[in-house]
Amino acid sequence: MSMKRADKRPENVKKKFPGSIVPLVNGKSLIKAARKHNGMIMATNIRCRLPVEGIVLASMACRAPVMYEIAKSELGYTEFTPQSFAEFIVEENERLGNTDVPFAVHGDHITVKKPEEVEAVRTLMAREMEAGFTSFAIDASHMENESNLEATSELAKPIIAAGLNLEVELGEIGAKSGNAEGFTQPEEAKWFISELDKRGIRPDLLAINNGSIHGTYFGASQEGIQLDLTRAIWEAIQPWSVDIAQHGITGTSLDKISSFIQYGIRKGNVGTLWQNISFGMAMTQSGNCITTESKEYVKRPYRGIPDELWLEIVKWAVETNNSGGNIKKANQPFAPMFNALPTVYKKRISEHSFEESVRLFEATHSIGIADTVWEIL
């Protein structure tokens, strides 16, 4: 990265990483480039270190920008703090020689479930800003719409002041309550964005409840993202040029992901897939775990971590009541063992992550978008 390009980095990044040569840029530029390029940015939720090498190498090979993200909840069950997360992502890009393909670090689902949590969340966001995060998702969707509006308006102020990427959320992802289907509706989305705009808050992205869930689809449950509804919501918020952030992509076919772009989706969150790759789970072609009738996972001996370590995780999950979807909570206690794995296991996880990343970059039409990001910056 040239000195001229280094100057394009946000102020908080320059302050945090003054000697770095990696292109950690404003997430806003990635979304603008995706819109201009008619593509979509892949956002990767990172719960352990193992898949990141492969993602970075694929990003460089495809010149496809990535948002590396961690949710507030994930900070509670992984080894990461905001500071160590941003530092790790920068260090990996630096170690692997990425000086030219822009990326962002995103605070995913910065959740506020009740008004009295606003101050604690404000503190967390300040820590993420200081750590070098360049994109933020305020998620007050657990509250009624009016309370969501008030909390989001208040918490978004420093992000707007810094000119960084802002994602907001209306309709809790995976929720079943509310209207007939529990889905976000176009009129409420229009109201929400217009009211934010009146308060001087113009988000870049809106996350919605359109039928996706986080994690694994167990048993008879299937991916059910409502694309016609998504398009109607996107059209309703076009007076403010806001695009859609799609959460819960793991388990969605590549063909369907390729169609997302036509429905206003510019950012797609992929999280559980990388955990599946790291753990060595058996998966469908869509990346969803293959599980038994009793919701037990199937481990592939030629994938991911060693079988012996996986059996330790299964035993831990049973003893701590963290089976099923809560297997994700193994990421924190087993982090030292993951990080100390022999090279052969790290290499096969990295190679698998590389291949899956390339498939997703192809599906999201994000190959080559790096050059458009630099044009925008």
Side-chain angles (χ1 to χ4, degrees), residues 31 40-41 43 45 69 71-73 108-114 137-153 166-197 201 203-253 255-272 286-288 325 364:
I31 300 305
M40 188 170 92
I41 298 299
N45 288 72
E69 61 186 24
K72 178 188 171 191
S73 62
D108 186 33
H109 284 294
I110 306 172
T111 309
V112 191
K113 293 188 176 181
K114 43 193 176 183
I138 298 170
D139 176 10
S141 66
H142 295 259
M143 299 190 287
E144 295 295 325
N145 287 353
E146 287 286 353
S147 298
N148 182 348
L149 175 65
E150 294 305 318
T152 300
S153 301
L166 174 63
E167 179 181 327
V168 297
E169 188 163 326
L170 183 70
E172 185 186 343
I173 306 299
K176 303 297 182 187
S177 59
N179 56 62
E181 295 288 350
F183 297 150
T184 309
Q185 296 299 311
E187 281 306 310
E188 62 178 337
K190 184 176 182 179
W191 167 84
F192 189 57
I193 298 301
S194 67
E195 289 298 317
L196 284 172
D197 190 63
I201 307 297
D204 303 278
L205 295 163
L206 175 67
I208 56 176
N209 178 4
N210 63 355
S212 70
I213 66 165
H214 291 124
T216 298
Y217 291 90
F218 288 101
S221 62
Q222 296 180 17
E223 181 270 303
I225 295 171
Q226 305 295 303
L227 289 178
D228 288 342
L229 173 64
T230 303
R231 175 82 190 193
I233 292 169
W234 180 78
E235 289 173 348
I237 58 179
Q238 281 323 284
W240 302 275
S241 299
V242 179
D243 287 313
I244 301 295
Q246 181 61 57
H247 291 234
I249 285 182
T250 299
T252 307
S253 74
D255 285 343
K256 188 166 186 176
I257 291 170
S258 288
S259 75
F260 282 175
I261 300 151
Q262 311 309 321
Y263 295 87
I265 298 169
R266 294 289 167 211
K267 171 179 175 276
N269 290 15
V270 184
T272 305
S286 299
N288 192 55
T364 56

Please find the pair of heavy atoms, one from [X] and one from [Y], that lie closest to each other, and give the distance.
{"X": "Leu229", "Y": "Pro186", "value": "CD1-CD, 3.9 Å"}
{"X": "Arg231", "Y": "Tyr263", "value": "CB-CD2, 3.6 Å"}
{"X": "Leu206", "Y": "Ala189", "value": "CD2-CB, 3.9 Å"}
{"X": "Thr184", "Y": "Leu170", "value": "OG1-O, 2.6 Å"}

I want to check something: taking the side chain as every heavy atom from C-beta on, are [X] and [Y] in contact at a cut-off of under 4.5 Å?
{"X": "Phe260", "Y": "Thr252", "answer": "yes"}
{"X": "Val270", "Y": "Asn45", "answer": "no"}
{"X": "Ile244", "Y": "Leu205", "answer": "no"}

From [X] atom [atom1] to [Y] atom [atom2], the distance as rounded to the nearest 0.5 Å:
{"X": "His247", "Y": "Ile225", "atom1": "NE2", "atom2": "CD1", "answer": "11.0 Å"}
{"X": "Asn145", "Y": "Glu150", "atom1": "CG", "atom2": "CD", "answer": "12.0 Å"}
{"X": "Ile233", "Y": "Phe183", "atom1": "CD1", "atom2": "CZ", "answer": "10.0 Å"}
{"X": "Thr364", "Y": "Ile265", "atom1": "OG1", "atom2": "CD1", "answer": "12.0 Å"}
{"X": "Ser147", "Y": "Lys114", "atom1": "OG", "atom2": "NZ", "answer": "13.0 Å"}
{"X": "Leu196", "Y": "Trp191", "atom1": "CG", "atom2": "CH2", "answer": "8.0 Å"}

Test of understanding: with salt bridge (charged side-chain N to carboxylate O under 4.0 Å, His left out), list the residues that count as partners of Asp204, not counting sequence neighbours.
Lys28
Excluding sequence neighbours, so at least two apart, what forms side chain to side chain contact (heavy atoms under 4.5 Å, CB included) with [X]?
{"X": "Ala43", "value": "Met67, Glu69, Lys267, Asn269"}
{"X": "Ala137", "value": "His106, Asp108, Glu167"}
{"X": "Lys190", "value": "Glu187, Ala236, Trp240"}
{"X": "Thr111", "value": "Lys72, His109, Lys113, Asp139, His142"}

side-chain hydrogen bond (donor to acceptor under 3.5 Å, both in side chains) partners of Gln238, counting only residues at least two apart
Arg35
Cut-off 3.5 Å, side chains only: do Asn209 and Glu169 have a donor facing an acceptor?
no
Val168/Phe192 under side-chain contact (heavy atoms from CB on, under 4.5 Å): CA gap, chis, key distance, verdict
CA-CA 10 Å; Val168 297; Phe192 189 57; 3.8 Å; yes
May I have the step-by-step check of side-chain contact (heavy atoms from CB on, under 4.5 Å) for Ile257 and Gln246, ending in yes or no?
CA-CA 10 Å; Ile257 291 170; Gln246 181 61 57; over 6 Å; no
Test item: Thr152 side-chain N/O and Asn148 main-chain N/O as donor-acceptor pair under 3.5 Å
yes
Gln262 side-chain N/O to Ser259 backbone N/O, donor-acceptor pair under 3.5 Å:
no
Report the C-alpha separation of Glu195 and Ile201 in whole Å, then their side-chain angles, then the decisive distance to 0.1 Å, and conclude whether the side-chain contact (heavy atoms from CB on, under 4.5 Å) test is met.
CA-CA 9 Å; Glu195 289 298 317; Ile201 307 297; over 6 Å; no
